[in-house]
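Report on the following structure.
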Amino acid sequence: MRIAIVGGGIAGLAAAYELEMARAAGAQVDYTLYEERARLGGSLASEIVNGAVLERGPDSFLTEKPAAAELCRELGLGGELLASNDVARKTYIVVRNRLVALPDGLMFLVPTKLIPTALTRLFGLRTKIRMGLELLHASRPSGGDESVAALVRRHFGQEAVDRLADPLLSGIYGGDAEQLSAQTVLPRLVEMETKHGSLTRGMLAAHKRMRDASKKTATEKQGGPKRTAPAIFTALRGGMSQLVDALVVRIDRASLRTGTPVSAIRKTAGGWSVEAGGTQQEFDGLIMAAPAWAAGELLGPVDAALGSELAGIPYSSSITLNLIYDEKKIGTLPDGFGFLVPAVEGRAMLACTFVHRKFLGRTPPGKAVFRAFLGGMNREAMLAESDETLVATVRREMAAILGTKTFGADVEPEHAQVSRWRRAMAQYAVGHKERMQRIAARVAELPGLRLVGNAYDGIGVPDCIWLGRQAARELVETGSKMSSAKI
Ligand SMILES: Cc1cc2nc3c(=O)[nH]c(=O)nc-3n(C[C@H](O)[C@H](O)[C@H](O)COP(=O)(O)OP(=O)(O)OC[C@H]3O[C@@H](n4cnc5c(N)ncnc54)[C@H](O)[C@@H]3O)c2cc1C
């Protein structure tokens with residue numbers, strides 16, 4: 001079976017690795033991976049500068065989604081996995097240029113502890129009263145989709161949208177709470193509302209179930225080693241590019257065609273024809289691992305309805321900006337991992353991570369690394385600004401937020417690195433689930449086609465790895481059924 005993979009981001013590479021494994025196990029599989037850039041890895045791109053690991057794209061992955069750490073272990077990178085420094089975890093929200101810590105007990109945007117919620121400076125009295133009354137919220141029959149902002153507003157009011165939902169989601173998706181789908185992005189909360197009415201009651205019930213389950217496990221394992229909760233994020237000591245490099249080593253070099261954009265795809269009687277770099281090749285299967293907007297352009301001529309569904313998935317663009325400082329030259333930073341900036345603050349920055357605090361051992365002693373995140377939905381124009389302007393904007397905003405004593409205008413960074421990510425993060429807009437059902441129905445009519453990447457079933461690195469590997473497994477299985485049927 002011959003398979004084409006279009007796109008050499010983490011989803012495409014994971015698919016290629018899985019095909020390579022199948023081949024090693026005896027499957028009759030041949031593949032070609034086309035990547036338009038000279039470099040593989042897509043959004044995963046790290047660099048080591050003055051001994052500090054700088055991430056241009058993702059800096060880590062969620063530990064609770066095992067696909068990424070599992071792949072790292074398979075590739076011999078188990079010893080390189082690095083847990084986030086959760087003892088120092090504290091996140092701030094910027095409120096009128098001041099940092100306000102997220103209150104204790106906040107779970108998925110839902111306040112579950114009375115005293116920290118009552119005392120926080122994040123919300124005014126009206127929102128706090130509304131949060132208390134939310135316990136009486138009536139249950140709602142499961143209905144159509146709505147935006148995350150609409151769901152949060154119905155339960156906790158506009159201030160909770162502005163100071164909580166918006167900054168938390170723009171920090172993850174570069175997205176807009178008014179557009180993101182509650183059903184896709186916060187399915188647990190939608191379920192809780194249907195069952196309990198109040199999200200706070202739903203969250204407390206879920207928390208109690210988890211506590212009871214872990215007590216039971218602890219009783220069963222009495223005498224065994226004491227278990228601590230795993231860290232929220234996992235990174236690689238040398239950066240996310242370690243994962244890309246380890247995958248590339250395992251993938252047959254002759255199967256990789258970098259610097260080769262796919263320019264056209266056709267459906268043939270027996271499979272797929274792929275045009276790239278002035279040549280045309282025939283395949284039995286096609287794993288489309290390019291962003292949905294690029295996939296839509298390529299697949300539109302094959303199936304117009306599929307092409308327009310794919311083109312309809314919105315994407316946001318973003319900028320990451322890493323600054324390395326000599327720690328002695330800056331003032332004392334507040335505790336914690338960094339801060340999020342709500343859109344209502346009117347700043348260019350959406351978030352800033354204190355990298356040297358979040359992951360220990362990736363920054364040399366005496367250095368501080370800050371990673372600012374800018375851009376998001378409808379802020380495309382920012383990508384056209386020069387590096388100098390972007391660095392100056394971030395330094396000015398950091399001084400305004402952290403104080404000029406910490407970030408004096410005269411303190412120069414030792415190094416500044418700017419990365420632009422145009423249309424790199426898919427947005428799961430209201431109606432995403434229904435769109436996915438329509439896409440699945442079209443794909444079912446096109447044998448041998450699989451769509452993978454961050455546009456479909458999870459935005460994170462582990463989601464993309466899982467989907468890429470799964471697509472490869474499915475095609476290999478179909479191929480082996482077809483060849484045994486021929487025998
Ligand atoms: C700035 C940023 C920070 C992020 N932070 C995190 C994080 O901390 N944790 C986390 O889990 N996730 C994070 N994400 C999300 C995660 O990194 C991405 O969702 C994931 O890497 C996407 O992988 P992919 O393979 O689907 O797509 P991509 O990485 O976009 O790869 C798609 C590839 O397809 C290629 N391509 C496009 N068109 C063609 C064509 N015609 N022919 C050939 N090749 C083509 C592109 O060049 C690209 O290399 C972040 C994303 C960004 C942009």
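Start at 1 and go down the list; that is how both ligands and their atoms are numbered. The structure presented is a predicted model; accordingly, all values stated were derived computationally and were not measured.
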Cation over ring face, Lys90 and Phe337, 6.0 Å, 45°: no
Is the terminal nitrogen or CZ of Arg266 (NZ for Lys, CZ for Arg) located under 6.0 angstrom from the six-membered ring centre of Trp272 and within 45° of that ring's axis? no
Taking only residues two or more places apart in sequence, or in another chain, which ones meet Phe354 in a ring-ring contact (aromatic ring centres under 6.0 Å, His included)? Phe370
Testing Glu474, Glu74, Glu20 for salt bridge (charged side-chain N to carboxylate O under 4.0 Å, His left out) with Arg469, which one passes? Glu74
Pairs under 3.5 angstrom, nitrogen or oxygen on both sides, ligand 1 versus protein: list them out, please.
unit_1, atom_1, unit_2, atom_2, d
ligand 1, 8 (O), Asp59, N, 3.4
ligand 1, 8 (O), Asp59, OD1, 3.3
ligand 1, 8 (O), Ser60, O, 3.4
ligand 1, 9 (N), Ser60, O, 2.7
ligand 1, 11 (O), Val461, N, 2.8
ligand 1, 19 (O), Asn454, ND2, 2.9
ligand 1, 19 (O), Ile459, O, 2.6
ligand 1, 25 (O), Ile10, N, 3.2
ligand 1, 25 (O), Ala11, N, 3.0
ligand 1, 26 (O), Asn454, N, 3.1
ligand 1, 29 (O), Ser43, N, 2.9
ligand 1, 29 (O), Ser43, OG, 3.4
ligand 1, 41 (N), Val262, O, 3.2
ligand 1, 42 (N), Val262, N, 2.9
ligand 1, 44 (N), Glu36, N, 3.2
ligand 1, 47 (O), Glu35, OE2, 2.6
ligand 1, 49 (O), Glu35, OE1, 2.7
ligand 1, 49 (O), Glu35, OE2, 3.1

Partners of Thr184 by side chain to side chain donor-acceptor pair (under 3.5 Å), sequence neighbours excluded? Ser181
Residues two or more places apart in sequence or in another chain: which of them pass side chain to side chain donor-acceptor pair (under 3.5 Å) with Asp86? Ser84
